[in-house]
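Heads up: the structure comes next, in structure tokens.
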Amino acid sequence: MSVVAASAIISQWNQLIPGMQQSSNDFYTAVDRFLAEQHLDGVKIERVTLYEGGLLSAKREYLQVRRKQHVFHICAAPFGKSFFVSWWLGEVRSGMWALLCTLPFIGRLFAFFADITKPLTYYRIDTALMFQAVTHDAVLEALDHVITMKGMRALTEAEKKPIMRDLFGQISGGMR
């Protein structure tokens with residue numbers, strides 16, 4: 001298991017399904033199956049555990065879906081008498097720049113230079129959005145399948161929409 005931490009969050013989605021009980025394991029298996037049907041190149045899917053808080057806090061299992069510099073962390077868990085599903089899409093810095101950007105004080109300078117050497121482009125945005133669409137659809141298919149099997153109310157279109165962040169933190173800076 002290799003947890004990949006996002007350096008920037010691009011988008012997020014979550015939904016609480018009142019009255020639904022479901023195994024997280026079964027849900028993750030269904031999402032994995034729906035993603036496999038897409039035959040995406042370079043996608044790595046694995047179960048990872050992330051801390052709920054600091055180092056001494058409990059851990060929670062997530063489904064991690066990684067493709068190049070983008071990573072999804074999908075959470076599915078019972079919550080009281082309900083079932084909660086969320087995902088976070090982030091961008092990952094890798095290599096020497098990622099290490100340098102974490103240094104105290106001068107890390108911001110390295111992050112600035114990293115952004116200059118890898119500018120925001122339409123291609124970069126498009127691939128992030130395509131990856132988001134495919135992965136979000138797989139999560140929704142798995143969720144819709146469970147909801148249908150249990151005879152529950154389907155999600156509305158508004159409930160299905162992800163929340164977009166300031167894409168890559170650079171939209172106002174323009175593209176190259």
Side-chain angles (χ1 to χ4, degrees), residues 1-17 20 22-53 57-79 82-95 97-99 101-102 114 118 120-149 154-155 157 159-171:
M1 264 190 299
S2 58
V3 175
V4 177
S7 57
I9 299 298
I10 297 170
S11 58
Q12 181 267 333
W13 177 84
N14 66 73
Q15 191 62 48
L16 182 68
I17 314 297
M20 185 170 112
Q22 175 66 28
S23 155
S24 300
N25 185 51
D26 291 346
F27 187 81
Y28 292 151
T29 299
V31 172
D32 193 347
R33 185 177 69 246
F34 287 124
L35 281 170
E37 291 173 2
Q38 297 300 316
H39 303 286
L40 301 172
D41 290 334
V43 171
K44 184 176 181 180
I45 302 170
E46 61 185 327
R47 310 275 177 103
V48 297
T49 54
L50 301 174
Y51 288 104
E52 291 178 358
S57 68
K59 292 183 176 182
R60 179 168 300 278
E61 184 179 60
Y62 285 73
L63 184 66
Q64 178 176 278
V65 183
R66 171 114 193 246
R67 181 179 182 274
K68 297 183 181 179
Q69 75 270 16
H70 298 109
V71 64
F72 265 93
H73 286 118
I74 301 167
C75 177
F79 190 79
S82 302
F83 190 70
F84 179 78
V85 180
S86 72
W87 58 250
W88 296 85
L89 171 60
E91 186 174 48
V92 178
R93 283 197 172 116
S94 59
W97 281 116
L99 179 63
C101 291
T102 63
K118 189 176 180 182
L120 184 62
T121 62
Y122 291 136
Y123 176 80
R124 200 165 136 208
I125 293 171
D126 287 346
T127 54
L129 293 175
M130 287 183 286
F131 184 47
Q132 174 183 297
V134 169
T135 306
H136 183 59
D137 286 349
V139 169
L140 289 177
E141 283 187 58
L143 192 54
D144 288 345
H145 177 74
V146 174
I147 287 172
T148 301
M149 296 296 289
L155 297 180
E157 289 305 311
E159 292 171 322
K160 292 180 179 182
K161 291 189 179 193
I163 300 165
M164 298 301 294
R165 303 286 183 213
D166 179 11
L167 213 59
F168 303 99
Q170 298 179 17
I171 289 295

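Contact between S57 and Y51 at its shortest, heavy atoms only, is O-CD2, 3.5 Å. Scanning all heavy atoms of the two residues, the minimum distance from Q38 to V134 falls at CG-CG1, 3.7 Å. The nearest pair of heavy atoms linking P78 to S24 is CD-OG, 3.8 Å. Taking both residues in full, the closest heavy atoms of L16 and S82 are given as CD1-CB, 3.6 Å, listed atom of the first, atom of the second, then distance. Looking at every heavy atom in both residues, F83 comes nearest to A76 through CZ-CB, 3.7 Å.
D144 has its side chain within reach of K160: a pair of non-hydrogen atoms, C-beta onward, lies under 4.5 Å apart. Counting heavy atoms from C-beta outward, L63 and R47 have side chains that approach closer than 4.5 Å. Considering only heavy atoms from C-beta on, F131 comes within 4.5 Å of V65 through its side chain. Looking at V92 and R66, their side chains come closer than 4.5 Å, going by heavy atoms from C-beta outward. V139 is listed as a side-chain neighbour of F27, based on a closest heavy-atom distance under 4.5 Å. Looking at I17 and L143, their side chains come closer than 4.5 Å, going by heavy atoms from C-beta outward.
Applying the side chain to side chain donor-acceptor pair (under 3.5 Å) test between R124 and each of H70, E91, Q69 identifies E91 as the sole match.
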Worksheet item: Which is it for I45 and Q64 under the side chain to side chain contact (heavy atoms under 4.5 Å, CB included) test, yes or no, and what are the steps along the way?
Response: CA-CA 6 Å; I45 302 170; Q64 178 176 278; over 6 Å; no
Practice prompt. I would like to know whether H73 and I9 meet side chain to side chain contact (heavy atoms under 4.5 Å, CB included); could you show each step before the answer?
Written response: CA-CA 11 Å; H73 286 118; I9 299 298; over 6 Å; no
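Between the CD atom of Q22 and the NE2 atom of H145 there is a distance of 8.5 Å, given to the nearest 0.5 Å. Atom CG of L50 sits about 12.0 Å away from atom CH2 of W88, to the nearest 0.5 Å. Here the straight-line distance linking atom CD of E157 with atom CD of E159 works out to 10.0 Å at 0.5 Å rounding. Rounding to the nearest 0.5 Å gives a distance of 11.0 Å between CG of L140 and OG1 of T135. With values rounded to the nearest 0.5 angstrom, W87 atom CH2 is found 10.0 Å from N14 atom CG. Rounded to the nearest 0.5 angstrom, M130 CE and Y123 OH are separated by 6.5 Å.
No more than 12 heavy-atom neighbours from other residues, nucleotides or ligands sit within 6.0 angstrom of NZ on K68.
Side-chain contact of Q132 with S11: a donor-acceptor pair under 3.5 Å is present, judged by distance alone.
Classification of the H136-W13 ring pair by plane angle, with boundaries at 30° and 60°, yields perpendicular. The aromatic rings of F84 and F79 lie tilted to each other, with the angle between the two planes from 30° to 60°.
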